[in-house]
Amino acid sequence: MKIFTSSDDISLSIKGLCSDKQSVGFVPTMGALHAGHLRLVQQAVEENDLTTCSIFVNPLQFNNKEDFLKYPSTLDKDVPMLERAGCDFLFNPDYEQVYKNKEEIRFNLGQLDEVMEGKFRPGHFHGVANVVYRFFEIVQPTRAYFGLKDYQQYLVIKNIVAPYFPGIRIVGVETVREESGLALSSRNMRLSPEAYASAIKVPSLLFEVRELWGQMPVTEIQAWFADQLRHIPYAEPEYLEIAHADTLMPPGPGDTAEELRVFTAFYIDGIRLIDNISLAKYS
Ligand code: AMP
């Protein structure tokens with residue numbers, strides 16, 4: 001695997017190596033890699049002639065400075081993991097290389113920025129959209145891979161950023177979970193053993209929401225979920241929402257479980273985790 005820190009160098013290398021007929025798969029990450037990230041890389045390797053991964057902790061998307069400063073960095077472990085997964089190029093730039101003297105773009109994020117992660121992390125999707133836009137300019141991939149674990153981010157990329165790059169296909173990849181059900185996340189590395197024991201209790205509550213959907217009003221489901229979380233040591237709920245999978249609008253009469261997803265953000269011992277699943281029982 002070739003490692004690049006310069007945006008010009010990686011752009012030129014990709015253009016030099018790939019003819020118009022060859023495909024480039026791209027997996028943007030913030031590092032501290034785990035099997036969830038690697039699932040994206042593996043799919044990119046299977047579907048493309050050349051796979052590029054990026055590791056860049058993007059300050060623009062952190063609304064909480066402490067969260068940015070404490071974001072784990074494990075580059076020494078990440079590199080061999082990517083090599084084993086068959087990744088060809090790693091782009092590991094600094095801030096200057098990504099943003100140079102470019103002006104920040106003001107995207108119209110609409111409803112996607114007003115609910116859930118948009119509401120609780122002001123400016124987050126502005127930062128995400130800007131960094132992905134820059135990466136798309138630099139890498140010019142054929143396909144770009146995003147995890148459905150960050151479902152709202154996937155919609156922001158698909159609906160807001162990708163239309164500027166009609167040649168790029170956005171591929172959503174299912175969430176990879178531990179056997180306990182806990183969605184893999186780089187932030188899990190920061191959990192103490194006691195906090196981890198609490199975190200693994202949350203996914204089953206999310207799966208229970210599937211059963212409760214249709215049996216009680218959403219507000220009662222939300223109250224039930226918050227109450228359950230408060231009984232788990234170290235846990236603090238932030239939100240639980242049921243929303244339309246394409247628009248994130250609230251459910252309307254006649255919406256089927258297949259069209260809806262349930263989303264949550266919660267704190268475990270001060271560490272913020274998110275998760276979401278489809279409401280369809282056999283998805
Ligand atoms: P991050 O490094 O957290 O920015 O994540 C990089 C990419 O990996 C994003 O598209 C995430 O949605 C995806 N990702 C993170 N965790 C998982 C997971 N458990 N399963 C699938 N994809 C994931």
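Atoms within a ligand are numbered from 1 in the order they appear, just like the ligands themselves.
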Ligand 1 contact by Pro28, heavy-atom criterion under 4.0 angstrom
yes
Does Leu40 approach ligand 1 within less than 4.0 angstrom via side chain, backbone, both or neither, non-hydrogen atoms only?
side chain
Run the numbers for me: atoms of ligand 1, each under 4.0 Å from some heavy atom of Gly36, listed by number.
18 (C), 20 (N), 21 (C), 22 (N)
Atom CD1 of Ile3 and atom SG of Cys87: how far apart are they, to the nearest 0.5 Å?
9.5 Å
Identity and distance of the protein heavy atom lying nearest atom 11 (C) of ligand 1
Asp150 OD2, 3.1 Å
Just do the side chain to side chain contact (heavy atoms under 4.5 Å, CB included) check on Leu112 and Leu248 with the steps written out, would you?
CA-CA 7 Å; Leu112 291 181; Leu248 301 188; 3.6 Å; yes
Which atoms from ligand 1 have a heavy atom of Thr29 less than 4.0 Å away?
2 (O), 6 (C)
Within-shell test, Tyr71 vs ligand 1, heavy atom, strictly < 4.0 Å:
yes
Out of Gln153, Lys149, Arg187, Met30, who gets a non-hydrogen atom closest to atom 9 (C) of ligand 1?
Gln153
Do we see a donor-acceptor contact under 3.5 Å between the side chains of Asn58 and Tyr71?
no
Heavy atom of His37, distance to ligand 1 below 4.0 Å:
yes
Calculate, to the nearest 0.5 Å, the distance between atoms NE2 and CG belonging to His124 and Asp150 respectively.
7.0 Å
Number the atoms of ligand 1 from 1 as they appear, then name those within less than 4.0 Å of a heavy atom of Leu184, with their elements.
16 (N), 17 (C), 18 (C), 19 (N)
Rounded at 0.5 Å granularity, tell me how far CG in Leu82 sits from CE in Met1.
4.5 Å
Once you round to the nearest 0.5 Å, how far does CD1 of Ile274 lie from CE of Met116?
9.5 Å
Nearest neighbour in protein (non-hydrogen) for atom 20 (N) of ligand 1
Val176 N, 2.8 Å
With a 4.0 Å cut-off on heavy atoms, is Glu174 in contact with ligand 1?
yes
What is the closest protein heavy atom to atom 10 (O) of ligand 1, and at what distance does it sit?
Gly147 N, 2.9 Å
Glu103 atom CD, over 12 foreign heavy atoms within 6.0 Å:
no
Nearest-0.5 Å distance that lies between atom NZ in Lys100 and atom CD1 in Ile138
7.0 Å
